[in-house]
Structures are given as C-alpha cells and as structure tokens.
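Notes follow the structure.
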Amino acid sequence: MIQIKADEPYVSLWFGNFFEPAFSNREYIDCAMKDIARMGFNCVLLDSKSWQDFWDRYDGKEASPYVRQQEYMIKKCAENGLCHHFLSIYLNGDNLYPTIRFSPPVIGEGITDIDGHPLRYYRYWSEKAQASMVHHVKGLLSLYGKNHAVLRIAGKECMPMCSMWDPIAAASFDENGQTRYRSVLKERYHGDITLLNNRYHAEFQDFDSLSPADYWQDIQTAPLCERDFVERTPAFWRYWDNQQYKQYELQFYFSAMQEKLHAACPSLLLMPNLSQWSIFLNINRRNRFDLWDTANRGIDPYRLSPYLDQATFTTVPQMPDGTPNPYVTDYQNSMMRMMNPEREFSVGFYLGRHMAYDIYREITPAEIIGSAAASGADGIHAYGYCGLDDGGVMHKLSPEFKQSVADGVNWIKQVIPRRKGRPKCKTADLFPSQMAIAEGYTIEGNERRRIDSLGYFQALCDCGQYPDVIHIDQIEAGVLSKYKILILPSNSCYHAEPSSLAEEAVRVFVQQGGIVFRSAFEPLSASAFGIKEQAHPWECIRFIEGWIPNGPVFSSCLQGEGVAFFEDSGLPAVTQISWGKGTVYAFGYEAGAEYCTKENQAVPASYGNRAYYPINLSGEDPFSVLLRRCIKHPALRFLKQQEQAVPQRRGILFSAFDNGLFIVNHSSYPYDTSAFAGKKQFIHPVNESVLLPHSAVWIERSSKSQSH
C-alpha cells in the first residue's frame, strides 16, 4: 500500500476544518500542514461530507467559507508534499448541522420515525440516497482530483476514498419501510411464520400481518434485561431480528455502492471507516444505551468485508471503563487482519484527545504505531487534527507527543517495505459475533463477557503468541487448519445463531490434534463435544498454588480429568477432556476476564494464613501455564542460540514474519533484545539491545540466517 507521490507506505491523518481556528484562519492552516508533514504523514483525510455548499460548488457557485477554506487546505497539502483524500459520506448525512456546520446535508431520501415524523437520515437502500452519494463523490473528484492521493496496491494504482464514516442503518416506518422490513424478515425465516410465532409468542397468519409495534423492539423505551437473553423471550427475538435487519441493510448498501462507485470511477479504493470509536470493545458510557456501543448498531464487520475494497475502522487503546490498554488496539488490529485475509489493509487508531481519558499519558503514539506494524498492516490512518466536538486536537498536544508520533511514523514507513508475509499465527481467538451484534452494555455482565475475549488475547500475547481474531464464518470455511490452539470465550448469544458446520469443524480440529480452551458455559464447545457442567459457588482454586478468582460465573465440568480444583468442594475447576488426538480444556470460570480484571480480593478470612494469589498478576495462572505446555514460542527461530529460551515477560508483544520479528514493549520497563539475532531497527535506539518502554523494534534476519 504505497503512496505513489511519496513512494512510501500510506500514512494518513484526518483533518477537520469545521471548528475554529481551522474554519477561517489561514495562518493556522499554513502551520498545521507543515506540522502534519513534519510528523511524517503523507496524506490528509479531509472532512468533505455531502453538504449543500459542496453541491453548490459543483454547480459553479461561489464557495462557502467552509469549502473555501478546504480548497485552501488542498493547496497547502500540495505545497507541503502531502496528498489529500476525502471522507465523503457520513452515517446520517451529518451530525453537525446547524450548530457547528452551517450548510445542510444532502441525503437524497430520508426515513420516517415510528411516530410518523420525517428524520434527516439516509435511507440506505434508496436509489435516490445512493445516487446522491455517487454524485457527491464524482463532484469531489471532478473539482479536487489534482494531487489526490494515489496508492499502489498489488501492482495496481488506486485512489483511496473513505466512502462511509460510521455506518449505522436505520429502519423506516413509512409504508415502504414497513414493507421492506417484513420482506427481509420473511426471507430470514424462509417464509416460516410458525417459527416466528413460536419465538414471538404470537399467532400471526402471515408476515404481512405484522405492524411496527409487533416487530420493532425499541430498547430505549422498552429496554431488555439479562432475563430476556437467558430465557430468549419474545423481546429478545424481536431485538435480534432488528439487529439482523440492520446488518442486512448494511450489506445491501455496501454491495450496491461498491458497484456504483466503481462504475463512476474504476480506480477508487473504497475503504469506509466502519467505526470511529472501536468495535466491540467500546467505551461503556455508564451502562446506558449509546450508539457508540457497536452492539447497538447491528454491525458485523467481518460480514461486511466482502463488499468493501478494504475493511477497516478506528481503534482506541482503551478498556470499556476508560483506562488505557494497548492490547485493545492489538486485538482490533488482529480483527482487521482477518477481515482482509487475502489483501493489503490499513489499520486506524485514535491519536487526538479522547473525551473519556487522556490515554497517551500512559502509553505512547510510537507504541501504538509499533503495534500497527506488528499486526501486518500495510498502511495506517489516524484521527485526528482539529475536531473539537469529539476529539482530534493534535494541534494542541505537546511537542513530546508529536515527536513520538513522528518517531513512530518515520519508523513504520521504513519497516513495512522490509517485512515479508504476514504474522505467523498458530493460535486463534473466536470473535463472539452473535453477542457482539446484539448484547449491549446495559445487559448485566456484558462488559465482563466482552473482556473475556480480550483477556484471552492478552494472555496469549503475554505467553509469546499473537493470535488471529477469527469469525465463525471463517471456521465454517476451514480456517482452523492453520492453527494449533483455538480459544472459545464467553458468548451469551450463540443460541440465536448456532452453527452445526462450525461445531463439526471444531470437532474435526480437535480430533486431528488441535487444542481448545473454553470458558465456563461456552455454548459452541458444549454443543460440539456434549460438555456437561454444573454451576459452582465462588471458591479459591488450587493449581500448583492457590488462586483467588474474582468473577461471578463458575462451573465444574462433569467429564474428563481435573487439572485444577476448587479449594473447598474439591470439584474440578479446570478439566482436560481428551478427544481423538486433541484436547479440550474446560475452564470453570471466565479465564480471559479474570486475566484482565481490575480489582482483586484479599485472601478471604476463611482461608486463614494460607497463600493465595490473584489470577491476573503473576503469569503463572492455570491458563498461561497450560498454554505454554501446548505450544512453542514463535520467536525461538530468531534466537542467536537455538537451545536458549525466549526471554519472556508480560507486556511484551512478539510478532514473527517470514524474515523478521517485531517486538513491541507495552510494559513500563526496558526489555533486553540481546538474545535475538539480526539487524535491529528501533523506534527509539539506545544501543544494540535495549528496547525502551512503550516502544518497538524490528529485527530482520539475513537470508543466510533464515536458511539455517
């Protein structure tokens, strides 16, 4: 993914000019473009949504102050050796008019709310709405095509276009919208009204009999609770169908727009930003309904990927509670890698101020850029410069922050062309797609269930592995043949969309020697292997030493051989189940969530003065120990002496490629790389061995070394 003008990997920064000083101050723009170029970026993503003042400009009218300033920005991009490209379409046309942007959006055709009022929101399936988007993109390229970014990907030249930012499809409740929803519902149920009646506890004669009150579950006015998900109530099934409808409309929309925009300009590379604030591991805004929680959007990015030229989104290295955690970005980079399995891709990350926390007080931009290189990404895009409504204030951040950005950007542009292949991953972490599309933070225990998947990922990384975060559709398609380890984290909604194909693929995987680690009550493996388990009260756990768990979910498996035990009952807390040539490790707790927990208990008084340790602190917890017994460290082949062990420590991310190794130091302590052979390229060089905290290094083996 080479930016042709600069002859270096694509490195882009979003720059909005709807706030002062960017709105009207040209001296500010002069300084900003020099600043952006000085940090090493080679592209600027302009916020050029489909507003009326752009349309007026296409008709030859005088430029509005906003458009005039953006035209000046385009000029200054060229003068500073930068290229520009466009954020052309936004989820509902615009969320800034009329208080921040003074020109209304052009949406072609809107929708109708359930109360009959019109809403300024794209009707995603509408030919008129789609035609307006195509017209806008063509207008941008016609007026501002000079010095537009051009990329070389797989030998072809293409023009990157952010063809949608934060897509969220919404239902319309006019006659057309109701008819469309019922037809999609009928198609999903294969015309089986009996099945729908069973789920909805209803007696509809046919699908045309359903009114919006029958089929739409407004969770803002009628919120769901944990009981709805556990008991699969009619409210759950209505909401599940609502979310699947939104996903259907997004797939329909992106498929249609891919065809139409390529017809208008065949060289376009359509790379919509599928979410501005992470996917799945979003900020939890006080357990209330929030569209920034992607579980409320009805979006499955893996299933949208076939309809995009590149599937990407913006990560935020931050836990749901707002605390910084770079492994969130590593997890989501792995998602994007697997959303683009056979093509080049870029990853996005947040670099400006975040409303929830100043995350770069604790981690560094260079560290996150190092993670992008380690993920296998071929380019990067960042948010952002001057966007005061929700962040993007790089222009106000410290010189030290900007220097860290520059150090990381200039390093990644050098190392990406040197890598060969993709990360060598033998472990896979199953993305809980059914839960991710339907269960929001308002449901009790949801945040912990999401963290379960992340915690496994982080534990794997701390043990030297860098897992692929895979989708159940990929399991159905045979992807497990690549792996030795499969992680099955909590997934409370699997029952809504079970997969007999995936279950059979997992059985075959283990039968042939694969190893599965699964959390308590994980449903796919329970069905695949007939696992029976009983609920168990909280107790400390005995595995070599004593361990103090924190979570609310515990079970004991009724088959297999116990390898860890509840301290009081003596029942198995971790069970080893042999299956063919492979093994299933059934954990009686949510091992991933335990690894990422933020609060630990003291030793309970009932245990006297015996020693018990928090699961999340030592790296000698049952999961980590069992995992290391099952798989070799991927960095072994890069050691100077093969009989050595890899210097392993928590907080150190390894990513092995055909010809080299990335090491990213997420910890607060230096890491000694002297055991590894090869030419070392540090973001922050000190000497030939010291990797500084919150930084990264690329270690490249010579061809001769690789042959050995």
Side-chain angles (χ1 to χ4, degrees), residues 199 217-244 277-299 318-323 325 328 356 430-456 488-498 518-524 526 533-539 548-556 587-601 615-616:
R199 289 179 170 179
Q217 185 73 27
D218 186 345
I219 63 171
Q220 294 188 73
T221 58
L224 302 183
C225 65
E226 184 180 26
R227 183 184 71 85
D228 292 303
F229 284 78
V230 172
E231 299 180 7
R232 308 174 202 177
T233 64
F236 167 81
W237 284 115
R238 280 193 297 271
Y239 186 63
W240 174 261
D241 290 338
N242 297 166
Q243 298 302 88
Q244 295 299 316
W277 303 109
S278 293
I279 286 179
F280 182 57
L281 297 169
N282 312 95
I283 287 288
N284 182 356
R285 294 173 178 257
R286 297 170 291 280
N287 291 312
R288 63 179 174 82
F289 176 84
D290 189 336
L291 275 177
W292 298 117
D293 176 3
T294 51
N296 296 325
R297 296 184 177 195
I299 182 170
Q318 194 167 36
M319 295 287 281
D321 66 359
T323 55
N325 185 341
V328 172
L430 178 61
F431 181 69
S433 56
Q434 298 91 339
M435 185 175 76
I437 202 172
E439 189 181 272
Y441 283 128
T442 57
I443 305 304
E444 184 180 354
N446 172 261
E447 180 177 318
R448 182 179 173 85
R449 285 189 285 275
R450 297 193 202 197
I451 291 174
D452 196 42
S453 183
L454 171 67
Y456 277 116
L488 297 177
S490 295
N491 185 352
S492 56
C493 296
Y494 177 76
H495 61 266
E497 191 183 35
R518 48 97 67 179
S519 277
F521 300 111
E522 192 285 318
L524 188 156
E533 54 197 317
Q534 62 187 23
H536 194 282
W538 180 95
E539 284 180 17
I548 309 174
N550 287 279
V553 177
F554 298 95
S555 73
S556 185
F587 279 73
Y589 54 94
E590 294 165 326
E594 292 289 348
Y595 198 85
C596 270
T597 190
K598 293 295 181 65
E599 297 182 9
N600 293 306
Q601 301 182 43
I615 287 177
N616 65 328

Check your understanding: Is the Trp240 ring parallel, tilted or perpendicular to the Phe236 ring (thresholds 30°, 60°)?
Key -> parallel
Exercise for review: Kindly assign one of parallel, tilted or perpendicular to the pair Trp237 and His495, based on the angle between their ring planes and the thresholds 30° and 60°.
Suggested key: perpendicular
Between [X] and [Y] (side chain of the first, backbone of the second, donor and acceptor by atom type, cut-off under 3.5 Å), is there such a pair?
| X | Y | answer |
| --- | --- | --- |
| Arg518 | Phe587 | no |
| Arg450 | Phe280 | yes |
| Asn296 | Asp290 | yes |
| Gln217 | Leu224 | no |
| Ser556 | Gln534 | no |
| Asp452 | Ala593 | yes |
| Gln243 | Ala438 | no |
| Glu599 | Gln601 | no |

Compare all side-chain heavy atoms of [X] with those of [Y] and state whether any distance is below 4.5 angstrom.
| X | Y | value |
| --- | --- | --- |
| Phe229 | Cys493 | yes |
| Pro320 | Tyr441 | yes |
| Trp292 | Ile283 | no |
| Tyr589 | Val553 | no |
| Asn600 | Asn616 | yes |
| Met319 | Val328 | yes |
| Leu281 | Leu454 | yes |
| Thr323 | Lys598 | yes |

Just verifying a value: how many Å separate [X] [atom1] and [Y] [atom2], rounded to the nearest 0.5 Å?
| X | Y | atom1 | atom2 | answer |
| --- | --- | --- | --- | --- |
| Ile219 | Asn242 | CD1 | CG | 9.0 Å |
| Phe554 | Glu539 | CZ | CD | 9.5 Å |
| Ser490 | Asn446 | OG | CG | 10.5 Å |
| Tyr456 | Tyr595 | OH | OH | 13.0 Å |

**Study point:** CA sep, side-chain torsions, deciding dist, call: Ile451, Thr597, side chain to side chain contact (heavy atoms under 4.5 Å, CB included)
**Key:** CA-CA 9 Å; Ile451 291 174; Thr597 190; over 6 Å; no
Revision key, fill the gap. In terms of heavy-atom contacts, Pro552 and Arg448 come closest through CD-NE, 3.4 Å
Revision key, fill the gap. In short, Ser555 meets Glu533 closest at the heavy-atom pair OG-OE1, 2.7 Å
Exercise for review: Determine, for Glu444 against Arg449, whether the closest basic-nitrogen to carboxylate-oxygen distance falls under 4.0 angstrom.
Suggested key: no
Check your understanding: Can a salt bridge be assigned to the pair Arg238 and Asp228 using a cut-off of 4.0 Å between side-chain N and carboxylate O?
Key -> no
Any chance the side chains of [X] and [Y] put a donor and an acceptor closer than 3.5 Å?
| X | Y | result |
| --- | --- | --- |
| Ser492 | Glu439 | yes |
| Asn284 | Glu447 | yes |
| Asn491 | Gln434 | yes |
| Glu590 | Ser519 | no |

Review point. Quick one: side chain to side chain contact (heavy atoms under 4.5 Å, CB included) partners of Ser278, sequence neighbours excluded?
Key: Asn282, Val316, Gln332
Review point. Considering residues, nucleotides and ligands other than Glu231, do more than 12 of their heavy atoms fall under 6.0 Å from its CD?
Key: yes
